[in-house]
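Just so you know, these numbers come straight off a predicted model, no measurement behind them. Each chain gets a letter, A, B and so on, in the order its sequence line appears, and its residues count up from 1.
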Protein chains: 2
Amino acid sequence: MTETPASLTPTQLRAYFAFTEVSSLLKHAVEKQLRDAGGLSYVQFELLARLGDAPGARARMTDLADGVVYSRSGLTYQAQLLEQRGLVTRTPSPDDERSTVLTLTDAGRSVLADVFPGHIEALHQLLFATLSADDVDDLARILGQAADHLRASPPRSAAPRRRKAS
Amino acid sequence: MTETPASLTPTQLRAYFAFTEVSSLLKHAVEKQLRDAGGLSYVQFELLARLGDAPGARARMTDLADGVVYSRSGLTYQAQLLEQRGLVTRTPSPDDERSTVLTLTDAGRSVLADVFPGHIEALHQLLFATLSADDVDDLARILGQAADHLRASPPRSAAPRRRKAS
DNA sequence: TATTGTTATACTCTATAACTATA
DNA sequence: TATAGTTATAGAGTATAACAATA
């Protein structure tokens with residue numbers, strides 16, 4: 001067991017407050033851009049972007065749910081919305097009939113293409129414009145480390161699925 | 001006008017992805033802790049914490065709304081919830097009868113006290129445990145800079161209040 | 001019996017617009 | 001006329017639990 005201090009240092013507090021503030025302001029700005037440019041919520045964009053990166057532009061619901069921090073029913077809900085808009089298709093997996101495979105359609109890829117440039121521009125102007133290359137290096141290294149730690153951390157908010165205590 | 005590159009560097013991408021991942025995982029974990037320890041949402045915690053820091057443990061609705069990124073009606077909603085639980089009081093301001101002043105009650109301060117230790121512990125274990133003192137310094141500096149920039153940026157999602165175009 | 005995904009449902013949160021009251 | 005805040009309302013999103021189908 002590692003002992004936990006009862007308080008944070010002033011610098012830790014500053015880092016935390018700055019982090020939450022950047023997180024909040026950046027998320028709002030990005031969500032607005034995604035909504036204006038493609039009518040997408042952040043989650044929907046993330047799902048489409050993951051599909052766009054996936055081999056064959058397809059992925060199983062469960063694999064998507066593990067990446068995004070969502071309940072399965074929430075993912076079903078979002079997948080329905082995307083399917084209704086024709087941005088993805090849902091088909092049963094040939095390998096395992098229980099699984100549903102989401103596939104990005106041409107229309108989905110087109111919406112992604114509509115949205116990407118503005119997304120990148122927003123990130124550049126809001127986040128990266130004021131940071132030096134060294135700052136970005138540091139940020140990537142430090143936050144990458146933190147992300148690794150958090151990902152491995154037990155208190156996952158979206159636990160894979162509860163296991164019986166027996 | 002500053003020219004905007006059409007894409008991000010690989011390091012910028014890594015920094016961005018790490019940032020969003022940390023943001024998402026940390027927020028979920030912190031929200032769970034606040035809910036379990038004090039039945040508070042993150043917004044409610046933030047409001048109570050701001051009142052706790054404010055002189056006289058009191059603040060006007062508008063001043064709170066400017067800090068938190070919320071619509072006025074959303075703030076009214078949250079203030080009602082907090083008042084119903086007896087954690088704050090709402091009284092008209094003596095200076096300006098249009099204003100409402102929120103004041104933290106003893107019960108509110110008590111809930112804050114219940115919640116703080118676990119909040120700090122969560123931050124320490126999830127975020128700071130793996131970071132060196134230098135890393136925290138860098139993080140505070142870099143994100144502080146980004147926060148300053150974002151705060152000053154025109155596309156505020158919660159604009160103070162729309163002004164007539166005339 | 002465990003796993004994948006869907007459905008039904010209820011709840012929280014947020015924003016817009018209309019409204020009241022005060023400056 | 002402008003500002004502070006509330007109310008009414010409607011919509012998006014999320015999670016839990018029960019369920020059906022497959023492994």
Side-chain angles (χ1 to χ4, degrees), chain A residues 24 27-28 31-32 34-36 39-47 58-66 68-85 88-102 156-166, chain B residues 24 27-28 31-32 34-36 39-47 58-66 68-85 88-102 156-166:
Chain A
S24 168
K27 185 161 193 188
H28 273 264
E31 282 181 340
K32 174 164 174 45
L34 292 174
R35 205 165 35 246
D36 292 350
L40 296 177
S41 69
Y42 190 82
V43 185
Q44 290 165 359
F45 170 71
E46 202 173 351
L47 290 175
R58 40 210 277 103
R60 296 190 319 144
M61 294 286 284
T62 296
D63 296 335
L64 288 170
D66 286 350
V68 191
V69 193
Y70 274 59
S71 66
R72 286 152 187 269
S73 63
L75 186 56
T76 296
Y77 172 74
Q78 295 294 343
Q80 280 174 341
L81 295 183
L82 292 174
E83 189 183 37
Q84 281 165 20
R85 287 183 53 188
V88 305
T89 58
R90 288 196 290 177
T91 53
S93 165
D95 306 337
D96 183 339
E97 293 268 331
R98 292 173 302 184
S99 304
T100 298
V101 172
L102 286 196
R156 288 295 295 274
S157 39
R161 208 167 221 190
R162 223 150 291 126
R163 202 170 291 271
K164 290 282 174 55
S166 57
Chain B
S24 168
K27 185 162 192 185
H28 273 264
E31 282 181 339
K32 175 167 174 42
L34 292 173
R35 204 165 36 245
D36 292 351
L40 297 176
S41 70
Y42 189 81
V43 186
Q44 290 166 356
F45 170 69
E46 201 173 352
L47 291 175
R58 41 210 275 106
R60 294 190 320 145
M61 294 287 282
T62 296
D63 297 336
L64 289 170
D66 286 350
V68 191
V69 193
Y70 274 58
S71 65
R72 285 152 188 271
S73 63
L75 186 56
T76 296
Y77 172 74
Q78 294 294 343
Q80 279 173 340
L81 294 184
L82 292 174
E83 188 183 37
Q84 280 165 20
R85 286 183 55 188
V88 304
T89 58
R90 289 197 290 176
T91 52
S93 165
D95 305 337
D96 182 340
E97 292 270 331
R98 291 173 302 181
S99 305
T100 298
V101 172
L102 286 196
R156 289 296 295 274
S157 39
R161 209 168 218 187
R162 221 150 293 126
R163 202 169 291 271
K164 288 281 174 58
S166 56

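Contact between S41(B) and L34(B) at its shortest, heavy atoms only, is O-CD1, 4.4 Å. For V88(A) against A79(A), the heavy-atom pair with the smallest separation is CG2-O, 4.1 Å. Counting all heavy atoms, side chain and backbone alike, S93(B) lies closest to V101(B) at CB-CG2, 3.7 Å.
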Table of protein N/O atoms under 3.5 Å from nucleotides 11-14 of chain D N/O atoms:
unit_1	atom_1	unit_2	atom_2	d
dT14(D)	OP1	Y70(A)	OH	2.3
dT14(D)	OP2	Q78(A)	NE2	3.3

Between the protein and nucleotides 21-23 of chain D, list every N/O to N/O distance that falls short of 3.5 Å.
unit_1	atom_1	unit_2	atom_2	d
dA23(D)	OP1	E97(A)	N	3.0

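The distance between atom CG of L64(B) and atom P of dT6(D), rounded to the nearest whole Å, is 11 Å. For the pair L75(A) CG and dT16(D) C1', the computed distance is 16 Å after rounding to whole Å. When the P atom of dA4(D) is taken as reference, atom CG of L102(B) falls 15 Å away, rounded to whole Å. Here the C1' atom of nucleotide dT16(D) and the CZ atom of R72(A) are 14 Å apart, to the nearest Å.
Rounding to the nearest 0.5 angstrom, the gap separating the CG atom in L40(A) from the CD atom in E46(A) is 12.0 Å. For the atom pair E83(A) CD and L102(A) CG, the distance stands at 8.0 Å (nearest 0.5 Å).
Side-chain atoms of R85(B) come within 3.5 Å of backbone atoms of G39(B) as a donor-acceptor pair (strictly under, hydrogens ignored).
Side-chain contact check for Q44(B) versus L47(B): every heavy-atom pair is 4.5 Å or farther apart. Looking only at side-chain heavy atoms (C-beta outward), T76(A) and T100(A) stay at 4.5 Å or farther from each other.
Note on R35(A): nothing from the nucleic acid sits closer than 4.0 angstrom, heavy atoms only. Using a 4.0 Å heavy-atom criterion, one finds that S99(B) contacts the sugar-phosphate atoms exclusively.
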